[in-house]
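See below for the structure under consideration.
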2 protein chains.
Amino acid sequence: MENVIRNRTERKKEETRRKIIAVAMELFNERGYARTTVDQVAEGADVAKGTIFNHFPSKEAIVAEYVRRNARETGAEAVNLLKELPDTRSRLTALLQRSLEWFDKNLNRDVLKVYIVYMLQRSLETVKNRGMRSGFNNILEPIVRMGQEAGEIRPDISAEELSNHLEWISASVMILWLAYPEKPLSDIIEREVDLFLNGAFDRRVHEGCFCRVIDKEQTAFFTKKNGHRHNKT
Amino acid sequence: MENVIRNRTERKKEETRRKIIAVAMELFNERGYARTTVDQVAEGADVAKGTIFNHFPSKEAIVAEYVRRNARETGAEAVNLLKELPDTRSRLTALLQRSLEWFDKNLNRDVLKVYIVYMLQRSLETVKNRGMRSGFNNILEPIVRMGQEAGEIRPDISAEELSNHLEWISASVMILWLAYPEKPLSDIIEREVDLFLNGAFDRRVHEGCFCRVIDKEQTAFFTKKNGHRHNKT
DNA sequence: TGCTAAAATGAACTAAGTCCAATTATTAAC
DNA sequence: GTTAATAATTGGACTTAGTTCATTTTAGCA
């Protein structure tokens with residue numbers, strides 16, 4: 001209903017949006033975000049400046065929409081791929097790896113920074129508003145939910161809140177990655193994912209009774225057997 | 001050496017900075033951030049607009065400096081107070097509680113949002129540069145270090161990285177707090193601190209061997225909350 | 001064909017932030 | 001006390017993001 005482009009009006013509208021995004025992204029990646037003016041984009045896309053702000057609330061929003069569109073395209077496929085993976089740790093690691101590689105390929109550093117800041121800013125306005133979430137959050141939440149259903153992730157915090165928390169951790173990963181380009185990306189990701197899953201407490205003394213990487217089946221078994229103290233409604 | 005104001009030049013400079021901050025904060029809190037123009041601040045402080053941008057890189061930076069100055073004043077005292085507390089959990093909880101209460105008392109909501117976004121933005125530029133960190137990070141790092149020295153916090157990740165991670169979690173707390181003003185602040189803080197310390201793995205089956213992790217109150221808190229949040233549609 | 005509604009336009013406007021040459025105040029040297 | 005060097009301030013012109021709105025263009029529909 002919404003995804004189908006109904007008639008010529010819609011098609012034309014979509015076409016201008018598409019062109020604005022295409023021209024803008026090319027200019028941003030080529031000359032840099034700051035050195036590209038909205039007027040230049042307007043000229044390149046052959047529309048009035050007003051038209052651009054008709055479609056996008058701000059210059060940064062063009063970048064965000066570019067990313068969002070790509071996430072839409074590949075999002076469903078990504079969720080399916082993630083389902084194949086054995087546990088939450090591997091799913092999160094894979095998702096972050098995949099996403100950051102995409103960013104690396106498609107956005108300049110300074111454009112990426114703009115994107116990150118804009119998304120954080122928007123999350124300030126939209127934590128409550130589920131419809132307006134970033135594409136990222138839409139993938140994080142299913143992952144958390146899967147983990148909870150498998151008994152791997154604690155059920156006392158809702159998937160919504162956990163994925164929100166995860167979104168911030170993802171931002172942290174991106175920023176570390178930008179700040180330390182010489183460090184292998186996989187190291188940063190593994191570390192932050194581990195911190196998310198295991199927390200900051202020192203667990204070495206307990207290693208005997210608690211293995212970091214939980215065997216999924218076993219946990220599921222335990223949870224099913226005697227894990228109903230916090231009666232879930 | 002640096003903190004001492006040497007001569008009249010320095011004193012005058014400091015005086016204009018002080019006046020700009022004072023006038024700006026009063027106007028921001030009174031009429032709102034967006035509805036206050038830099039020209040109005042300049043007029044109120046009786047300086048040229050250029051002078052303001054001479055002292056502050058941007059409008060938001062005035063807010064940041066206001067917060068930083070206050071953090072400087074009370075920072076050392078805060079660290080001492082935190083040393084008195086028994087463990088990392090109580091220190092983090094106290095710090096967040098204290099900070100957010102200060103924000104609540106001293107900044108309008110919209111001014112606070114501006115501050116948060118600006119700090120996140122800056123952290124993009126300054127993760128590496130320890131000298132330019134936010135006042136917050138300067139308190140978080142000692143807390144983590146204390147925890148590591150006490151064998152409470154895992155030593156395999158550096159205090160620097162952990163406190164960086166914590167800074168993002170703090171941002172998450174602030175945003176949740178802004179988004180859900182009806183929820184008790186302490187609930188939000190406790191939850192996020194717990195998530196930081198214990199991680200997202202489900203540990204219920206292992207409770208027997210994690211005496212320091214979960215106490216009765218905490219469990220009660222989770223159970224109580226659980227019923228509330230999950231039922232909501 | 002003509003009517004309606006959506007989209008695009010252009011132009012004037014506001015406000016943040018930059019730039020820079022001229023001016024003023026402060027310090028230090030003689 | 002005069003003066004040269006230095007640092008802070010000023011004002012004004014400029015750029016750019018973003019707003020506003022009246023007008024025009026375009027497509028849909030009957």
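Residue numbers start from 1 in every chain, and the chains themselves are labelled A, B, ... in the order their sequence lines are given, proteins ahead of strands.
Taking atom CD of A/Gln40 as the reference point, atom P of D/dT15 lies 13 Å away to the nearest angstrom. Rounded to a whole Å, the CZ atom of B/Arg17 is 13 Å from the C1' atom of D/dA8. When rounded to the nearest whole Å, the span between CD1 of B/Ile62 and C1' of C/dG17 equals 12 Å. In this structure, CD1 of B/Ile52 is placed 14 Å from C1' of D/dG11, rounded to the nearest angstrom. We find that CD of A/Gln121 is positioned 14 Å from C1' of D/dA17, with the value rounded to whole Å. Between the P atom of D/dT16 and the CG atom of A/Leu27 lies a distance of 14 Å, rounded to the nearest Å. When the C1' atom of C/dG17 is taken as reference, atom OH of B/Tyr118 falls 13 Å away, rounded to whole Å. Rounded to whole Å, atom C1' of C/dT26 lies 17 Å from atom CD of B/Glu15.
Using a 4.0 Å cut-off between charged nitrogen and carboxylate oxygen, B/Asp194 and A/Arg154 count as a salt-bridge pair. Residues A/Glu15 and A/Arg11 are not paired through a salt bridge, judged by the lack of any N-O separation under 4.0 Å between the basic side chain and the carboxylate. Residues B/Arg69 and B/Glu65 are paired through a salt bridge, judged by an N-O separation under 4.0 Å between the basic side chain and the carboxylate. Between A/Lys113 and B/Glu125, at least one side-chain N (NZ, or NE/NH1/NH2) sits under 4.0 Å from a carboxylate O, which counts as a salt bridge.
For A/Asn106, there are no side-chain hydrogen bond (donor to acceptor under 3.5 Å, both in side chains) partners two or more places apart in sequence or in a different chain. Looking at residues two or more places apart in sequence or on another chain, you find a side chain to side chain contact (heavy atoms under 4.5 Å, CB included) between A/Ala171 and A/Leu120, B/Trp168.
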Show me the protein contacts with nucleotides 28-30 of chain C, counting only N or O atoms at under 3.5 Å.
none

Let me have the donor-acceptor pairs involving side chains of residues 42-59 of chain B, under 3.5 Å, with sequence neighbours excluded, atom names and distances please.
unit_1  : atom_1 : unit_2  : atom_2 : d
B/His55 : ND1    : B/Arg17 : NH1    : 3.4
B/His55 : NE2    : B/Thr16 : OG1    : 3.4
B/Ser58 : OG     : B/Ala61 : N      : 3.4
B/Lys59 : NZ     : B/Tyr33 : O      : 3.1
B/Lys59 : NZ     : B/Thr36 : O      : 2.8

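More than 12 heavy-atom neighbours from other residues, nucleotides or ligands sit within 6.0 angstrom of CD on B/Gln40.
Contact annotation: the side chain of B/Trp177 approaches that of B/Asp104 to within less than 4.5 Å [non-hydrogen atoms, C-beta and beyond].
Shown for residues 18-26 of chain A: no residue has heavy atoms falling under 4.0 angstrom of DNA chain C.
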- How does each nucleotide of nucleotides 6-14 of chain C score, in 5' to 3' order, for protein heavy atoms under 4.0 Å: base (B), sugar-phosphate only (S), or none (-)? -SSB-----
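Residue contacts shown for B/Glu60 are limited to sugar-phosphate atoms, with no base heavy atom under 4.0 Å away.
Not one side-chain nitrogen or oxygen of A/Arg8 sits closer than 4.0 Å to the OP1 or OP2 atom of D/dT26.
Within the 3.5 Å criterion, the main-chain N or O of A/Val111 finds no donor-acceptor partner in the side chain of A/Asn108.
For B/Tyr115 and B/Tyr66, the distance between ring centers is not under 6.0 angstrom.
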